[in-house]
Amino acid sequence: MKKVLVFGGSGFLGSHVVDKLVHKGYEVIVCDQEKSNYLDQNQDFCKCNILNLKEVRDAVKGSDIVYNFAALADLNEAINKPIETVNINILGNVNILEACREFSVERFVYASSVYVYGREGGFYRCSKKAAEDYVKEYLNSFNLNYTILQYGSLYGPRSNLSNGLYRILDSAIKTGYLKYDGDPNATRSYIHVEDAAESSVNILTKEYINESVILSGLEPMK
């Protein structure tokens with residue numbers, strides 16, 4: 001049985017991936033700053049700040065596969081927090097990569113975004129693109145195998161106010177009308193979180209080693 005460590009496993013997408021991993025028979029440890037509301041008896045928990053390299057090293061030791069969903073993922077929040085975005089999304093990710101290298105992890109799975117291919121996304125896009133470059137360079141320099149998952153816009157259960165669709169619906173329920181604060185020509189490619197989570201586990205086969213995989217809806221929508 002493979003031992004899988006999931007950074008950010010208490011969050012929206014991470015918690016769904018943890019459930020799918022357990023269902024597939026993996027031994028799973030959720031690693032986050034806050035204990036998951038969805039943790040069950042088949043999931044262990046490890047409290048960790050990804051900016052603390054010692055805590056990251058202690059968490060990674062003994063793992064076969066490591067996922068990183070830990071991030072500053074709210075695009076609107078990232079607009080006004082460029083330094084924090086760099087620290088969490090780039091430096092935090094490099095801390096995990098370094099621990100994976102040190103303890104010879106079989107594969108590192110990084111949660112990125114389809115925003116890396118576009119012009120939208122601001123500092124969030126910049127941080128995800130840079131983090132992807134570090135993931136690929138760890139393969140070149142240290143032979144650390146990876147899979148990069150580039151997600152479209154997620155929706156579904158367990159989301160919160162950091163999720164775009166959730167914010168729109170939450171506002172509609174409270175105010176009685178739908179409102180979108182943004183560019184009317186902007187497009188999103190939506191994918192249900194459970195579909196994304198299922199695919200995030202299915203990529204653990206050999207064919208996706210050292211590959212970038214887009215997990216998104218087929219048709220962009222305004």
Side-chain angles (χ1 to χ4, degrees), residues 1-50 52 55-71 73 92-113 131-132 134-136 138-139 142-152 154 156-159 191-216:
M1 182 182 293
K2 299 282 187 182
K3 182 177 179 181
V4 182
L5 182 68
V6 183
F7 286 97
S10 296
F12 173 36
L13 175 57
S15 64
H16 283 282
V17 172
V18 167
D19 290 346
K20 301 293 185 184
L21 285 165
V22 171
H23 181 71
K24 296 280 188 180
Y26 292 95
E27 178 186 350
V28 182
I29 298 176
V30 174
C31 197
D32 212 315
Q33 295 197 76
E34 300 293 336
K35 196 168 185 177
S36 173
N37 294 325
Y38 312 103
L39 206 69
D40 66 28
Q41 68 273 13
N42 297 312
Q43 305 166 10
D44 292 325
F45 176 75
C46 169
K47 186 173 182 177
C48 176
N49 182 345
I50 62 172
N52 186 317
E55 290 182 4
V56 171
R57 291 177 70 256
D58 291 343
V60 169
K61 187 176 182 179
S63 300
D64 299 303
I65 300 165
V66 174
Y67 282 78
N68 182 21
F69 293 101
N93 187 57
V94 172
N95 283 342
I96 298 172
L97 284 166
E98 185 62 15
C100 289
R101 176 196 67 81
E102 181 178 351
F103 294 112
S104 301
V105 167
E106 290 180 16
R107 197 185 321 183
F108 174 71
V109 183
Y110 179 62
S112 187
S113 169
E132 283 194 14
Y134 272 96
V135 172
K136 293 172 183 176
Y138 261 76
L139 170 67
F142 304 117
N143 203 31
L144 175 61
N145 289 325
Y146 70 84
T147 302
I148 293 172
L149 302 178
Q150 297 165 330
Y151 296 96
L154 297 162
R158 303 181 187 174
S159 58
I191 181 170
H192 193 278
V193 67
E194 291 188 4
D195 293 330
E198 182 76 21
S199 298
S200 300
V201 177
N202 290 340
I203 54 83
L204 292 178
T205 56
K206 291 182 179 180
E207 64 185 297
Y208 296 108
I209 292 177
N210 302 327
E211 296 287 344
S212 296
V213 183
I214 295 175
L215 300 179
S216 185

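Just so you know, these numbers use all the heavy atoms, side chains as well, and skip hydrogens, waters and symmetry mates.
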- Item | Pairwise side-chain contact, Tyr67 with Leu5, heavy-atom cut-off 4.5 Å (strictly under) | no
- Note on the structure: NZ of Lys206 to OH of Tyr208, rounded to nearest 0.5 Å, is 15.0 Å
- Got Asn42 and Val28 here, is their nearest side-chain heavy-atom distance under 4.5 Å? no
- So with a 6.0 Å cut-off around CZ of Phe45, is the heavy-atom count from everything else above 12? yes
- State, to 0.1 Å, how close Asn202 and Lys24 come at their nearest heavy-atom pair, and which atoms those are. OD1-NZ, 3.5 Å
- Query: Atom CD of Glu194 and atom NE2 of His16: how far apart are they, to the nearest 0.5 Å?
  - Reply: 5.5 Å
- Query: Which atom pair, heavy atoms only, marks the closest approach of Ile50 to Asn95?
  - Reply: O-ND2, 2.9 Å
- NE2 of His192: more than 12 outside heavy atoms within 6.0 angstrom? yes
- Message: Taking the side chain as everything from C-beta on, heavy atoms only, tell me whether Leu204 gets closer than 4.5 Å to Val109.
- Response: yes
- Message: Using side-chain contact (heavy atoms from CB on, under 4.5 Å), reason through Phe7 and Cys48 one step at a time and then give a plain yes or no.
- Response: CA-CA 8 Å; Phe7 286 97; Cys48 176; 3.9 Å; yes
- Which residues satisfy the side-chain hydrogen bond (donor to acceptor under 3.5 Å, both in side chains) test with Glu132, sequence neighbours excluded? Ser112, Gln150
- Query: Which distance, rounded to the nearest 0.5 Å, do you find between the CD1 of Ile191 and the CD1 of Ile214?
  - Reply: 11.0 Å
- Item | Gly152 versus Ser216, closest heavy-atom pair with distance | CA-OG, 3.6 Å
- Option passing side-chain hydrogen bond (donor to acceptor under 3.5 Å, both in side chains) with Arg158 (candidates Ser36, Ser10, Ser15): Ser15
- Item | Test item: Phe108 and Asn93 side chains (from C-beta on) under 4.5 Å apart, heavy atoms | yes
- Using the ring of each side chain (for Trp, its six-membered ring), is Tyr138 parallel, tilted or perpendicular to Phe142, with breaks at 30° and 60°? tilted
- Work out which heavy atom in Val17 is nearest to a heavy atom in Ser200; give both atom names and the distance. CG2-CB, 3.9 Å
- Trace of the side-chain contact (heavy atoms from CB on, under 4.5 Å) decision for Tyr110 with Lys136: CA-CA 11 Å; Tyr110 179 62; Lys136 293 172 183 176; over 6 Å; no
- Please name the pair of heavy atoms, one in Ile96 and one in Val56, separated by the smallest distance, quoted to 0.1 Å. CA-CG1, 3.7 Å
- Test salt bridge (Lys or Arg N to Asp or Glu O under 4.0 Å) applied to Glu27 and Lys3, step by step: CA-CA 5 Å; Glu27 178 186 350; Lys3 182 177 179 181; 5.0 Å; no
- Item | Closest contact, heavy atoms only, Leu215 versus Ser199 | CD2-CB, 3.6 Å
- Atom CD1 of Ile29 and atom CD of Gln43: how far apart are they, to the nearest 0.5 Å? 11.5 Å
- Message: How long is the straight-line distance from NZ of Lys2 back to OH of Tyr26, given to the nearest 0.5 Å?
- Response: 8.0 Å
- Output the distance between atom CD (Glu211) and atom CD1 (Ile203), rounded to the nearest 0.5 Å. 11.0 Å
- Item | Worked verdict on Asn145 versus Leu139 for side-chain contact (heavy atoms from CB on, under 4.5 Å) | CA-CA 6 Å; Asn145 289 325; Leu139 170 67; 3.8 Å; yes
